[in-house]
Amino acid sequence: MTTRIDEIAPDIFRLSTFIPDVAAPAGFTFNQFVVRAEAPFLFHTGMKGLFPLVSDAVARVVPLDRLRWIGFAHVEADELGAVNHFLAAAPNAQVIHGELACELSLNDMLDRMPRPLHDGETIDLGGREIRFHPTPHVPHNWESGLFLETTTNTLFAGDLGSTAGDGPPVTGGDIVEAAMAAEGAFRGTSLGPAVGATLRRLAELEPATLAIMHGSSFSGDGGAVLRSMATEYDALAAAA
């Protein structure tokens, strides 16, 4: 396996490892994202088994000893499995997430205490900033939350918009149909009235890039993508 590095927005890098045995026969990408800044930010760490590949890729974007912030969408192995490995390798790094995630899991799980964030709180990366947006139960866990990089208006979307296969690093084409096909196959979303409402709230941010955990990132009218997904999930919830 190899981890590919691509710049999907100015100074925002997608680190992607394709694993063909997951979601076979299409396979699945596991993506992390680095914001290169004075205080660099890593979104997702990958699983523990991917740490050698992912940490090498991160170090090719920013030195590990300069890594300052680590975030993820929710508590799950592919999102933070290697987090303590990164904390050991990056002595200046600290995990940031919502207050709920810290209280439920992170205060106990992490080898270094995290910094809890409230809804809408921003972190200065040095010349650019990221802002935290709680998304409880969307797509999965109670503690879920996402980050928006405000200079490029890039939404680190976690599992939202995930697709199977090994597509291009970034696309401007329609991703909703493939994302809903993946939802039909994996049934990973906690269907309920909060899903559509949360997606529409995120759509109000009008992101220009969606940095997606599995599959291609999206560049274009991210608000339209999120609204279209909200409509699809409303229909699934109604049918359920």
Side-chain angles (χ1 to χ4, degrees), residues 8-14 31-45 58 61-62 66-76 79-80 83-84 86-87 90-161 190 194-213 217 222-223 226 230:
I8 62 167
D11 285 319
I12 297 180
F13 296 84
R14 173 186 183 260
N31 304 324
Q32 300 79 41
F33 300 91
V34 175
V35 180
R36 188 169 60 190
E38 291 180 20
F41 172 62
L42 171 66
F43 188 74
H44 301 151
T45 70
V58 172
V61 178
V62 297
R66 284 193 54 228
L67 188 62
R68 181 63 184 91
W69 304 109
I70 299 173
F72 35 83
H74 50 262
V75 177
E76 192 174 358
E79 304 232 357
L80 82 162
V83 65
N84 284 322
F86 270 101
L87 290 175
N92 297 311
Q94 185 177 19
V95 169
I96 47 175
H97 209 292
E99 296 163 324
L100 185 61
C102 294
E103 293 173 3
L104 290 176
S105 301
L106 300 180
N107 290 342
D108 181 72
M109 291 174 60
L110 300 182
D111 291 342
R112 189 150 62 241
M113 289 297 286
R115 173 173 166 176
L117 303 176
H118 57 73
D119 187 357
E121 186 170 351
T122 61
I123 294 287
D124 183 7
L125 304 183
R128 60 205 305 170
E129 64 181 19
I130 50 175
R131 188 168 67 233
F132 178 68
H133 294 271
T135 60
H137 300 293
V138 181
H140 317 304
N141 301 4
W142 185 17
E143 78 282 351
S144 291
L146 303 177
F147 291 85
L148 180 78
E149 194 283 316
T150 60
T151 298
T152 63
N153 223 28
T154 295
L155 179 66
F156 296 98
D159 286 334
L160 297 177
S190 302
V195 179
T198 299
L199 289 171
R200 290 185 177 89
R201 178 167 56 85
L202 293 172
E204 292 176 359
L205 303 174
E206 301 296 347
T209 302
L210 301 176
I212 294 170
M213 173 66 163
S217 293
L226 293 168

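This one's a predicted model, so the numbers in the text were calculated from it and none came from an experiment. We number each residue from 1, following the sequence as shown.
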Original post:
Would L148 and T154 satisfy side chain to side chain contact (heavy atoms under 4.5 Å, CB included), going step by step from the backbone distance to the final call?
Top reply: CA-CA 6 Å; L148 180 78; T154 295; 5.8 Å; no
**OP:** State, yes or no, whether a side-chain contact exists between L160 and P139 at a heavy-atom distance under 4.5 Å.
**Re:** yes
Subject >> Distance (rounded to the nearest 0.5 Å) between L117 CG and C102 SG >> reply: 7.0 Å
**OP:** Would you sort out whether I96 and I70 count as a side chain to side chain contact (heavy atoms under 4.5 Å, CB included), showing the intermediate values?
**Re:** CA-CA 6 Å; I96 47 175; I70 299 173; over 6 Å; no
Subject >> Minimum side-chain heavy-atom gap I8-F13 below 4.5 Å >> reply: no
Original post:
Checking N31 side chain against R14 main chain: does a donor-acceptor pair fall under 3.5 Å?
Top reply: no
Original post:
Can you name the side chain to side chain contact (heavy atoms under 4.5 Å, CB included) partners of M113, sequence neighbours left out?
Top reply: N107
**OP:** Can you see which heavy atom on A73 is nearest to which on G158, and at what distance?
**Re:** CB-CA, 4.2 Å
Original post:
What orientation do F43 and F147 show, parallel under 30°, tilted 30 to 60°, or perpendicular over 60°?
Top reply: perpendicular
Original post:
With a 4.5 Å heavy-atom cut-off, do F33 and L42 have their side chains touching?
Top reply: no
Subject >> Under the side chain to side chain donor-acceptor pair (under 3.5 Å) test, residues paired with N141 that sit two or more places apart >> reply: E143
**OP:** Give the minimum heavy-atom separation between A37 and G126, together with the two atoms involved.
**Re:** CB-O, 4.4 Å
Subject >> Flag, side chain of R68 to backbone of N92, donor-acceptor distance under 3.5 Å >> reply: yes
Original post:
Between T135 and V138, is there a donor-acceptor pair closer than 3.5 Å when you use the side chain of the first and the backbone of the second?
Top reply: yes
Original post:
Which salt bridge (Lys or Arg N to Asp or Glu O under 4.0 Å) pairs, counting each pair once, include a residue from residues 151-160, with sequence neighbours left out?
Top reply: none
Original post:
Should F156 and I12 count as side-chain neighbours, where that means a heavy-atom distance under 4.5 Å?
Top reply: yes
Subject >> Partner set under salt bridge (Lys or Arg N to Asp or Glu O under 4.0 Å) for E206, not counting sequence neighbours >> reply: R227
Subject >> Qualifying residues under side chain to side chain contact (heavy atoms under 4.5 Å, CB included), relative to D111, sequence neighbours excluded >> reply: N84
**OP:** Given side chain to side chain contact (heavy atoms under 4.5 Å, CB included), test T122 with I130 step by step and report yes or no.
**Re:** CA-CA 5 Å; T122 61; I130 50 175; over 6 Å; no
**OP:** Mind checking side chain to side chain donor-acceptor pair (under 3.5 Å) for E79 and listing every partner two or more places apart, or none if nothing turns up?
**Re:** H44, H74
**OP:** Using modelled atom types only, decide if a donor and an acceptor are shared between the side chain of T198 and the backbone of A194 within a distance under 3.5 Å.
**Re:** yes
**OP:** Taking side chain to side chain donor-acceptor pair (under 3.5 Å) as the test, write out the residues that go with H137, two or more places apart.
**Re:** none
Subject >> All pairs passing ring-ring contact (aromatic ring centres under 6.0 Å, His included) where residues 96-124 contributes a residue, at least two apart >> reply: F72-H97, H97-F132
Original post:
Residues in side chain to side chain contact (heavy atoms under 4.5 Å, CB included) with P10, at least two apart?
Top reply: T152
Original post:
salt bridge (Lys or Arg N to Asp or Glu O under 4.0 Å) with R66: which residues, sequence neighbours excluded?
Top reply: none
Original post:
Can you name the residues that form a side chain to side chain donor-acceptor pair (under 3.5 Å) with E99, not counting sequence neighbours?
Top reply: none
Original post:
How about L125 and V35: do any of their side-chain heavy atoms sit closer than 4.5 Å?
Top reply: yes
Subject >> Test item: I123 and W69 side chains (from C-beta on) under 4.5 Å apart, heavy atoms >> reply: yes
Subject >> Spacing of OG1 belonging to T209 relative to CG belonging to L155, to within rounding of 0.5 Å >> reply: 9.5 Å
**OP:** Could you pull out the closest heavy-atom pair between G196 and A230, with the gap in Å?
**Re:** O-CB, 3.6 Å
Original post:
Which heavy atom of G223 sits nearest a heavy atom of A203, and at what distance?
Top reply: O-CB, 3.5 Å
Original post:
Taking side chain as C-beta onward, heavy atoms only, is L226 less than 4.5 Å from L205?
Top reply: no
**OP:** Please list all pairs passing the salt bridge (Lys or Arg N to Asp or Glu O under 4.0 Å) test where one or both residues lie in residues 112-136, with sequence neighbours left out.
**Re:** D11-R128, R115-E121, R128-E149
